[in-house]
Amino acid sequence: MSDFQVNRAPQNDAPGAMLGRVIVSFVLFVAGLVLIGVGATADPSLAPFVFTGGIVAVGLAFGLPMIGGSER
């Protein structure tokens, strides 16, 4: 039998920085959903920009926690 071992991932972030990133991501996600909803009912001249801003905010909310991540 082999002696297979998994190397532990290095912990580079401070716990406060990680918590802050999670809170900012949650706020971005909720704000993005609100922007998508407002964009669906907004003035037709502004609606595409507000809706697109909501999509970008939700995308950033999912991408922000991935900063500094690496594949093991």
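These values consider heavy atoms only, across backbone and side chains, with no hydrogens, waters or symmetry-generated copies.
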Kindly list each side-chain donor-acceptor pair under 3.5 angstrom involving residues 52-62, sequence neighbours excluded, with atom names and distances?
| residue | atom | partner | partner atom | Å |
| --- | --- | --- | --- | --- |
| T52 | OG1 | P48 | O | 2.6 |

Partners meeting ring-ring contact (aromatic ring centres under 6.0 Å, His included) with F51 (sequence neighbours left out)
none
For residues 25-40, dump all side-chain donor-acceptor pairs below 3.5 Å to protein atoms at least two apart in sequence or in another chain.
| residue | atom | partner | partner atom | Å |
| --- | --- | --- | --- | --- |
| S25 | OG | R21 | O | 2.8 |

Sequence neighbours left out, what pairs pass side-chain hydrogen bond (donor to acceptor under 3.5 Å, both in side chains) with at least one residue falling in residues 32-44?
D43-S45
